[in-house]
Protein chains: 2
Amino acid sequence: MSKSEVVELPVLQGGDVVPCCPPITAGELSQADAEKMAGMFKALSDPVRLRLFSKIASHPGGEACVCDIADVGVSQPTVSHHLKKLREAGLLTSERRGTWVYYQVAPSVVAAMAAMLDLRG
Amino acid sequence: MSKSEVVELPVLQGGDVVPCCPPITAGELSQADAEKMAGMFKALSDPVRLRLFSKIASHPGGEACVCDIADVGVSQPTVSHHLKKLREAGLLTSERRGTWVYYQVAPSVVAAMAAMLDLRG
DNA sequence: CCAGCGTATCGACAAGCATCGAAGCAAGGA
DNA sequence: TCCTTGCTTCGATGCTTGTCGATACGCTGG
């Protein structure tokens, strides 16, 4: 489903931010932009998802096997459910390598979220 | 409930970030930190709240009267409900001045959220 | 003190969501 | 080919949440 190249480090070079929505200080949000942004924030609005995401983001290379992060206090199907939500929101990508499935953070999408919250608009 | 001093501008001077939680790349999130962060993101996970918030943030001085922003396509009680959610999450403060109630953005809290999303941890 | 306007709370309802166990699918080894 | 292991999907369930109309509260002017 995703590329074979593995992102070396979740470090942003200059300008590596997907232009998604204007910063919240830049005037009224359109209905469409509001829904797009709300979807991203909703993906991070659950403690379990946040812990899964931080586990992946803090792994070397910004990627981790499901088996490395599954210990967050909920059942394994629930972990899979949450990873799917994060993937659908564009915050993670996934890739099967043999027996295991690896999840990677999508740095540009995360950077876009941070940019929306920049009050120095 | 809040102070009488009105924030002059939602501009951040150096270091004006409430130390809330470590950036998501700084290792596994504790249960408590994950819940605190999830509460903040949840506050912005609704299109109506996002539009209300952007209307306030884009107003001069980072504050607005309810009557100035209430036109977001839902009923007045619903607007009040959403503003309460944003207030409870710490993203807004409110202040009654005569007949009207003014809402202000809490710049340091928003900056803290942006800091959590900084992948250059 | 009463009427009117702006805002908040209440109670109810429908829709959404997190969670689980069971079952399904994919890959690898015996 | 069968079994095992890793992960996903399915179906059900209980809780949370967005929404509204009705009502209550706070302030101002008459």
Side-chain angles (χ1 to χ4, degrees), chain A residues 1-2 4 29 31 34-56 59 63-89 91-104, chain B residues 1-2 4 29 31 34-56 59 63-89 91-104:
Chain A
M1 181 178 291
S2 55
S4 51
L29 236 43
Q31 183 69 29
E35 283 173 7
K36 207 188 306 175
M37 286 182 61
M40 293 173 149
F41 284 116
K42 183 172 290 182
L44 292 181
S45 70
D46 182 276
V48 173
R49 282 199 288 272
L50 228 26
R51 296 185 70 191
L52 288 170
F53 190 76
S54 78
K55 283 196 173 199
I56 296 171
H59 254 244
E63 79 161 23
C65 166
V66 175
C67 55
D68 289 331
I69 60 175
D71 182 24
V72 285
V74 294
S75 71
Q76 198 275 325
T78 302
V79 169
S80 194
H81 165 75
H82 285 305
L83 289 174
K84 183 178 186 179
K85 289 276 188 131
L86 288 166
R87 208 182 341 126
E88 289 172 342
L91 292 169
L92 293 179
T93 57
S94 67
E95 180 185 357
R96 173 159 226 133
R97 290 209 286 273
T99 304
W100 299 279
V101 175
Y102 289 82
Y103 279 80
Q104 303 102 19
Chain B
M1 181 178 291
S2 56
S4 52
L29 237 42
Q31 183 68 28
E35 285 173 5
K36 207 187 308 175
M37 287 183 60
M40 295 174 151
F41 285 117
K42 183 173 293 183
L44 292 182
S45 72
D46 181 274
V48 173
R49 283 198 287 273
L50 227 27
R51 296 186 71 193
L52 288 170
F53 189 77
S54 78
K55 282 194 174 201
I56 297 171
H59 254 245
E63 81 162 20
C65 167
V66 175
C67 55
D68 288 331
I69 60 175
D71 183 24
V72 286
V74 294
S75 70
Q76 188 273 321
T78 301
V79 169
S80 194
H81 166 74
H82 284 305
L83 288 173
K84 182 178 185 179
K85 288 280 189 120
L86 288 166
R87 206 181 344 125
E88 289 172 343
L91 292 170
L92 293 179
T93 58
S94 67
E95 180 186 356
R96 169 159 229 134
R97 290 209 286 273
T99 304
W100 298 277
V101 176
Y102 289 81
Y103 279 80
Q104 303 100 20

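Quick note on labels: first sequence line is chain A, next is B, and so on, each numbered from 1. Small disclaimer: the values here were computed from a predicted structure and weren't measured.
The residue among A:S45 and B:D68 whose nearest nucleotide of DNA chain C lies closer to the 5′ end is B:D68.
Listed nucleotides: C:dC20, C:dC17, D:dC20. Nearest to the side chain of B:S75: D:dC20. Of the candidate nucleotides C:dA18, C:dA8, D:dT8, C:dA8 has the atom lying nearest to any side-chain atom of B:V66.
Residue A:T99 is in sugar-phosphate contact alone, with no base atom involved, counting any heavy-atom pair closer than 4.0 Å across all strands shown. Nucleic acid contact class of A:V48 (heavy atoms, under 4.0 Å, all strands): sugar-phosphate only. Residue B:H82 is in sugar-phosphate contact alone, with no base atom involved, counting any heavy-atom pair closer than 4.0 Å across all strands shown. Across all strands shown, A:Y103 has heavy atoms under 4.0 Å from sugar-phosphate atoms exclusively, and none from any base.
For A:S80 and D:dT8, the shortest distance from a side-chain N or O to OP1 or OP2 is below 4.0 Å. A close approach under 4.0 Å does occur between a side-chain nitrogen or oxygen of B:R49 and OP1 or OP2 of D:dG18.
Of the possible donor and acceptor atoms, one in the side chain of A:R51 sits under 3.5 Å from a partner among the backbone N and O of B:L29.
With contacts defined as side-chain heavy-atom distances shorter than 4.5 Å, the pair A:K36/A:M40 does not qualify. Side-chain contact between B:V74 and B:H81: absent, with no pair of heavy atoms (C-beta onward) separated by less than 4.5 Å. Residues B:Y103 and B:L52 have side chains not in contact (no heavy-atom distance under 4.5 Å, counting atoms from C-beta outward).
D:dG6 atom C1' lies 16 Å from atom CD of A:E95, rounded to whole Å. Atom C1' of nucleotide C:dG21 and atom CD of A:Q76 are separated by 12 Å, given to the nearest angstrom. Whole-Å rounding puts the B:F41 CZ to C:dC17 P distance at 18 Å. Between the P atom of C:dG11 and the NE2 atom of B:H81 lies a distance of 15 Å, rounded to the nearest Å. Taking atom NZ of B:K42 as the reference point, atom P of C:dC17 lies 11 Å away to the nearest angstrom. Rounded to whole Å, atom C1' of C:dA26 lies 13 Å from atom CH2 of A:W100. Atom NZ in A:K84 sits about 15 Å away from atom P in C:dC25, given to the nearest Å. In this structure, the NZ atom of B:K85 is 11 Å from the P atom of D:dT19, given to the nearest Å.
Around atom CG of B:D71, no more than 12 heavy atoms belonging to other residues, nucleotides or ligands sit under 6.0 Å away.
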